[in-house]
There are 2 protein chains.
Amino acid sequence: MKITINDIAKAANVAKSTVSKVLNDAPSISEATKEKVRAVMREMNYEPSSLATRLAKQKGYNVGLVIDLSRQSDFLNASFYDIIGGVESVIGPLDYELTICNIEHVGRERFVSRFVLGRKVDGLIMDNSILTPELAGELNGLKFPYVSIGEIPGMASLCWVDINNRRGAAMLTSHLLARGYSNPAFIGGERGDPMFEARVAGYRDALATDEIRGKKAAEAGPLVPSGIVLPGYANEANGRRLVRELLALPNVPDAIICMSNLVAFGALEELRGRGVSIPDEMGVATFDNRPLAPFTTPPLTCLDMDTFALGAAAGEMLMAQINEAEAAPVSRRRWVEPKLAVRRSTEKEMT
Amino acid sequence: MKITINDIAKAANVAKSTVSKVLNDAPSISEATKEKVRAVMREMNYEPSSLATRLAKQKGYNVGLVIDLSRQSDFLNASFYDIIGGVESVIGPLDYELTICNIEHVGRERFVSRFVLGRKVDGLIMDNSILTPELAGELNGLKFPYVSIGEIPGMASLCWVDINNRRGAAMLTSHLLARGYSNPAFIGGERGDPMFEARVAGYRDALATDEIRGKKAAEAGPLVPSGIVLPGYANEANGRRLVRELLALPNVPDAIICMSNLVAFGALEELRGRGVSIPDEMGVATFDNRPLAPFTTPPLTCLDMDTFALGAAAGEMLMAQINEAEAAPVSRRRWVEPKLAVRRSTEKEMT
DNA sequence: TTGAAAGCGATACCAT
DNA sequence: ATGGTATCGCTTTCAA
């Protein structure tokens, strides 16, 4: 037998509206009755039904994290716990909870009506593989709060958070150049993927603004001004293959930036197999610290993405939107800055 | 303006109770009205409020996955996405949803009242670092459905699922013995941790039942019948340290079973540093495929834990309990069988 | 087969 | 400062 607000009211000899006010710590209730009612609640081990509260308040205190279990994701596999932790760290203290919404069986079409119209959640967090521009438009139209994890370039009205991949790629590239590598290549990733494009852009930013590289050009032979970019689905096999391609180039690069840990692993293996010494003959760096970067031979210099901060940023933006009514209009995009983790794979002897 | 069951009733010219029955596909309603009402619902883009439904039905259609973000967990970091996927794959089709319950701020004390008495969830899934025996007893007393991920040895009444660590350890050990290693040691893990104890037990099971080992004993010198077990918190540093201890033993083992990927990584590094060749002079095997086993040098033979299946098993047991009223009493524990992934680290030349 | 009315467990407005 | 009552959106008897 669950005990309800009525039981408390009866036991404390007050109206249930009074009990409700005590629950919400209304200033209109005297300290005396508050204490009396609270004592009864404690004694009867009362806990308000969150369902009833939420129905009455017309507010779900609930945000959904949308995932699609039908598609594999290296990124989510490595970072899901962190992302959830980040989100939870901001919504939890605000008394919101997080529910996992799997759209695998629901389908992209009906999922808006399921979660949004069904008022299961007050806001949605999802990644940019799920949040298509059309979907975002629909949510915008409904004025329904949402945040994408992962940028959606171009559309000004959309709301997202992302790691600053462009700046990160520039940091990584600059590190290589400062380290004495003059001709870094970029391998892995797919054209059209915003993350790939952002990283390539950052890579080129760094190449374009580097003076040392200009001076080295003479000794090192002809350098491609805009760098060498070899795309390919980010797995180990392509890491190997793309390294072979690099080594067959007329101007072989002296460093490699890899799109992912798996690409980097394949690259390291291929280089080792061919007797290319790392970091002396070839520097290698990668994006992401997890799962492998600290544990390869040699350990990989990488750009460490703070996925907890990413989740937290998403949570903050979402909560800002949910409470937007009374607040100033919120900014609709936010970068989380990555940081460089320097390891042996780029420790070239300085000349 | 959200549209409700009343709007549908009005538009379809029926009572709202009729609409409700259509929603639940009650047999007492004629096909004709059902179709009529459904047409209206479609047209008005109606979606029932899950909050109201759940309050009225006195059922949350919601299970909680309890985590404690204040404590780091290598296991959860590597497997959280899989576990959630497994749970979701069974509860989703039953129209239950999964909410994340972080007890970091709630505290172990108040969390039962928060989630259980507050009827936020119909059942709880948590790991055995959170589900203390006292807590389990409390939940048992309340007849509240829950499942622990990770065994809780001893208590017969408790409900859990786990990877069959004992059998798995025996498989791994037997593999080494069959491969020609005669004196495998076990390193890493902490006394008192059920997972450690189960694995050590399995390791000893395999040693005890092996005949080949008996024959080898003569050539190999004195073997410790119950094996060599060196515990230690499962990280890289201890992997290195424990290997040093092993190498200093009077009867140096010819194979090592590691409690975790990190221990194994440390072990590999230390062995390499000392010029011990793997797998010829020393075989190395580990538990868990992720995150490193396929990517070390040489790649590690491991026991691959199916964490998706683990999550699914937890989901199934929980749902069974939730629906226990009308069903037969459910079994209260279940093993998920791991499988061996053989790689180069144990490919000793057979003699 | 359908409808009217009483819950489910809280909140919120209006009296007192 | 407190109490009475309508309400949130749906389910569920019980009549008709």
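Naming convention: chains lettered A, B, ... in sequence-line order (proteins, then strands); numbering from 1 in each chain.
- The residue A:T53 sits close only to the backbone: its heavy atoms come under 4.0 Å of sugar-phosphate atoms, none of a base.
- If you check every strand for non-hydrogen atoms under 4.0 Å, A:S30 touches sugar and phosphate atoms only.
- The 12-atom threshold is not exceeded at CD of B:E43, counting heavy atoms of other residues, nucleotides or ligands nearer than 6.0 Å.
- Inter-residue side-chain proximity for A:V336 and A:M305 is flagged as unmet; no heavy-atom pair is nearer than 4.5 Å.
- Heavy atoms of A:S50 sit nowhere under 4.0 angstrom from any nucleic acid atom.
- A salt bridge links B:K34 and B:D25; the closest N-O separation between the charged side-chain nitrogens and carboxylate oxygens is under 4.0 Å.
- Residue order along DNA chain C, read from the 5' end via each residue's closest nucleotide, puts B:I29 first among B:A56 and B:I29.
- Taking atom CD of residue A:Q58 and atom P of nucleotide C:dG9, one finds them 18 Å apart after rounding to whole Å.
- Side chains of B:N24 and B:K57 form a contact here, defined as non-hydrogen atoms less than 4.5 Å apart.
- Counting heavy atoms from C-beta on, the side chains of B:L55 and B:Q58 come closer than 4.5 Å.
- The minimum heavy-atom distance linking A:W160 with A:E151 is given by the pair CD2-CA, 3.5 Å.
- Across all strands, B:N24 comes closer than 4.0 Å only to sugar-phosphate atoms, never to a base (heavy-atom distances).
- Under 4.0 angstrom from either OP1 or OP2 of C:dG3 there lies at least one side-chain N or O belonging to B:T18.
- What separates CD1 of A:I3 from P of C:dC8 is a distance of 14 Å, to the nearest Å.
- Counting any heavy atom pair closer than 4.0 Å across all strands shown, A:V19 reaches no nucleic acid atom.
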Listing time: all N or O pairs from protein to nucleotides 13-16 of chain C that are below 3.5 Å?
none

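- Salt-bridge annotation for B:D162 and B:R333: absent, with no side-chain N of the basic residue lying under 4.0 Å from a carboxylate O of the acidic one.
- The terminal axes of the helix from C:dT1-D:dA16 to C:dT16-D:dA1, fitted over 5 pairs per end, subtend an angle of 40° to the nearest 10°.
- Across all strands, A:T4 comes closer than 4.0 Å only to sugar-phosphate atoms, never to a base (heavy-atom distances).
- Rounded to whole Å, the distance from NZ on A:K16 to P on C:dG7 is 11 Å.
- Here the range on DNA chain D touched by chain A, meaning any atom under 4.0 Å from one of its heavy atoms, is D:dA1 to D:dG9.
- B:T132 contributes a side-chain N or O that, together with a main-chain N or O of B:L135, makes up a donor-acceptor pair within less than 3.5 Å.
- Side-chain atoms of A:N77 do not come within 3.5 Å of backbone N or O of B:Y81 as any donor-acceptor pair.
- Counting heavy atoms from C-beta outward, A:V14 and A:K36 have side chains that approach closer than 4.5 Å.
- In this structure a side-chain-to-backbone donor-acceptor pair under 3.5 Å is present from A:S30 to A:T33.
- As rounded to whole Å, 16 Å separates atom C1' of C:dA10 from atom NZ of A:K59.
- The closest side-chain heavy-atom distance from B:I84 to B:I100 is below 4.5 Å.
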